[in-house]
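The next block holds one structure in the form of structure tokens; read it before the comments.
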Amino acid sequence: MRIIPRRIEFDNLKAPGWKMLYGRRKTGKTFLVRNFLDYEGYFFANRNGTVIDINSKRQLSYDEFRMEFIKRLGEGVTVIDEFHRLPREFLDTLHAYSPEGEVILITSTLWLAMRLLGERESPLLGIVVPVRIGLIDEREILAELSKEIEGKELVEASVYLREPVLVPLYRPSLREFLTDYFHSSGALVREIVGEAFSEEELRLSEVYLAVLHSIADGKSKSTEIGNYLLSGGLIEAPSSVQKYLKVLTAMGLVRKKPIHGKKKRFRYSIASPLLDLHFYLEAKYAYTELETPREFIRRAIDEKLPRHVEGFVESLLAKIYGLRPVSVEMPELELDIALEGFKKLELVGEVKWKNRVKREEVRRIEEKLGKFNCRKVLIVPSVEVLEREPEGIDVLTPEELLKLAKESLKGKPSSG
């Protein structure tokens, strides 16, 4: 079975103390803990209020579980999965016995993110360290998949296999695999997001999903998203959208990118290319409700994939060089990649993810990137697609990106 070790996230779990693993479903929280962490006790909270002791395979009532939990504190690491399903009073139990022993709490709900990350009076505030488990790191997925595939396919597969749910299923080619996956399993993708809201009020769920639909529809600024929700009668004023964007960003569903040179202004995008494709297909074809031809799905993938490669490479280079992705707003000028140091652009770039880049396109890229006094890069599937190489611009192919990713991983503790 194909397994991505996720050593970067694992480093955060090895530190002593109580921790709360959070993030939306299907990002590998439970898999990471159960397969790579040593623990003495593992409890799973059911929706009906009972708790399963995984080690002994016993089903416990809440009171039995509570006593068992207290008794085991101090005996190694104790894990409680889906702990938000336990009665509210259990948070007081945790507070009363902290910081005795080692405890790992796992949750997938926005309910918890809103309270533990936003409420000053939360019983767990200050006694647990929040650890968000999101998509697989770009460097790690590139390095691991390079053992099987290479070149253009390596980058395209890495873009989408950051979603752990796809890792064991993938077979080349990526575009055909994705087409088959959405054609047969679109409802499963919907559940990835739907379950994140399942324990929210229905009204809140509608608002959160509407935010995601609006972003997939091309609205990237909070005012645009707010007006979209206002027109649907979901909020009373466009500014109200900020609290929903804050939670979605904290959960890792939405990516927030500052606008260069403009304080407190941002652009938003859906963090997962898989989910972005899902919401795009829903908006365009209602594909989970209506029978949609494979050709329609493949066309949407071919349309969206180059933009997803842009986001992947931008985030990859940001982590490699320790810079921050930003959006550059200049008249008639849109950059695929812009990375900022301390209030200053350090790297700008273009992505041409196609089979042929003509001389005239290369000239326009030189002209556009030449407006900036910083490092310039052009990302292409291979140098062979260029009719001529650009002057003053570093050309990065999948091979160069892989080399940079591996070098960066070697510089991280315990990730070599």
Side-chain angles (χ1 to χ4, degrees), residues 24-26 135 141 145 149 151-197 205-206 208-220 224-225 228-229 231-232 248 253-255 267-314 334 336 351-357 379-381 385:
R24 46 151 267 249
R25 295 193 185 279
K26 305 301 180 183
L135 304 181
I141 193 69
L145 289 182
I149 51 179
K152 184 180 180 181
E153 179 72 12
L154 170 61
V155 172
E156 293 188 357
S158 295
V159 169
Y160 295 95
L161 267 65
R162 293 185 65 211
E163 284 280 0
V165 69
L166 295 183
V167 169
L169 305 176
Y170 162 73
R171 297 293 182 272
S173 77
L174 183 279
R175 297 187 192 217
E176 283 299 309
F177 164 73
L178 275 184
T179 302
D180 291 339
Y181 184 80
F182 278 107
H183 190 254
S184 63
S185 307
L188 297 179
V189 183
R190 181 176 56 190
E191 288 304 307
I192 291 176
V193 178
E195 287 187 19
F197 305 105
S205 300
E206 291 177 355
Y208 285 126
L209 289 171
V211 170
L212 295 171
H213 275 289
S214 71
I215 295 174
D217 194 39
K219 294 161 181 63
S220 62
E224 298 170 339
I225 300 167
Y228 180 95
L229 267 62
S231 67
L248 289 169
L253 283 165
V254 165
R255 181 186 180 206
R267 285 189 178 274
Y268 296 88
S269 60
I270 296 177
S272 164
L274 180 74
L275 296 186
D276 187 54
L277 261 176
H278 163 74
F279 283 108
Y280 181 73
L281 285 166
E282 282 287 72
K284 198 171 182 68
Y285 303 121
Y287 84 111
T288 60
E289 305 293 336
L290 304 174
E291 183 66 29
T292 304
R294 292 182 77 263
E295 292 75 14
F296 288 19
I297 295 174
R298 175 57 186 266
R299 192 180 308 152
I301 291 169
D302 289 340
E303 180 182 339
K304 277 280 193 177
L305 190 145
R307 298 292 293 180
H308 291 157
V309 170
E310 290 173 15
F312 177 87
V313 175
E314 181 179 62
E334 182 180 350
D336 296 339
V351 178
K352 291 297 177 184
W353 206 252
K354 53 203 296 189
N355 294 328
R356 180 62 57 191
V357 183
I379 291 87
V380 292
V385 307

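Sequence positions, counted from 1, serve as the residue numbers for this chain.
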Any chance you could measure [X], atom [atom1], to [Y], atom [atom2], to the nearest 0.5 Å?
{"X": "F279", "Y": "L209", "atom1": "CZ", "atom2": "CG", "value": "5.5 Å"}
{"X": "F312", "Y": "I141", "atom1": "CZ", "atom2": "CD1", "value": "8.0 Å"}
{"X": "R255", "Y": "L135", "atom1": "CZ", "atom2": "CG", "value": "11.0 Å"}
{"X": "I215", "Y": "L248", "atom1": "CD1", "atom2": "CG", "value": "7.0 Å"}
{"X": "I379", "Y": "D336", "atom1": "CD1", "atom2": "CG", "value": "8.0 Å"}
{"X": "S269", "Y": "H308", "atom1": "OG", "atom2": "NE2", "value": "9.0 Å"}

Partners passing side chain to side chain donor-acceptor pair (under 3.5 Å) against [X] (at least two apart in sequence or in another chain):
{"X": "Y228", "value": "none"}
{"X": "K352", "value": "none"}
{"X": "S214", "value": "none"}
{"X": "E224", "value": "none"}

Where [X] and [Y] come nearest, the two heavy atoms and their spacing:
{"X": "P172", "Y": "I149", "answer": "CG-CG2, 4.1 Å"}
{"X": "L277", "Y": "A300", "answer": "CD2-O, 4.0 Å"}
{"X": "K219", "Y": "D217", "answer": "NZ-OD2, 2.9 Å"}
{"X": "Y160", "Y": "L166", "answer": "O-CD1, 3.5 Å"}
{"X": "I297", "Y": "T292", "answer": "CG1-CG2, 4.1 Å"}
{"X": "P293", "Y": "E291", "answer": "CD-O, 4.0 Å"}

Checklist entry - Can you find a heavy atom in the side chain of E282 that is under 4.5 Å from one in the side chain of T288? => result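 Sidechains of T288 and E282: in contact.
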Next on the checklist: Run Y268 and V211 through side-chain contact (heavy atoms from CB on, under 4.5 Å) and show every step you take.
Outcome noted: CA-CA 10 Å; Y268 296 88; V211 170; over 6 Å; no
Checklist entry - side-chain contact (heavy atoms from CB on, under 4.5 Å) between N355 and K152: does it pass, once the steps are laid out? => result CA-CA 10 Å; N355 294 328; K152 184 180 180 181; 3.5 Å; yes
Item to check | Main-chain N/O of L275 paired with S272 side-chain donor or acceptor, under 3.5 Å | outcome: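 Checking the backbone N and O of L275 against the side chain of S272, a donor-acceptor pair under 3.5 Å is found.
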Item to check | side chain to side chain donor-acceptor pair (under 3.5 Å): pairs with one or both residues in residues 164-180, sequence neighbours excluded | outcome: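 Listed once each, the pairs are E153-Y170, E156-R175, R175-D302, E176-R294, E176-R298, D180-R294.
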Item to check | Test side chain to side chain donor-acceptor pair (under 3.5 Å) applied to Y287 and H183, step by step | outcome: CA-CA 8 Å; Y287 84 111; H183 190 254; over 6 Å; no
Item to check | Pair V254-Y208, side-chain contact (heavy atoms from CB on, under 4.5 Å): steps then yes or no | outcome: CA-CA 11 Å; V254 165; Y208 285 126; over 6 Å; no
Next on the checklist: Please enumerate all residues that pass ring pair (Phe, Tyr, Trp, His ring centres under 6.0 Å) together with Y280, with sequence neighbours excluded.
Outcome noted: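 Ring pair (Phe, Tyr, Trp, His ring centres under 6.0 Å) check on Y280 returns nothing, list empty.
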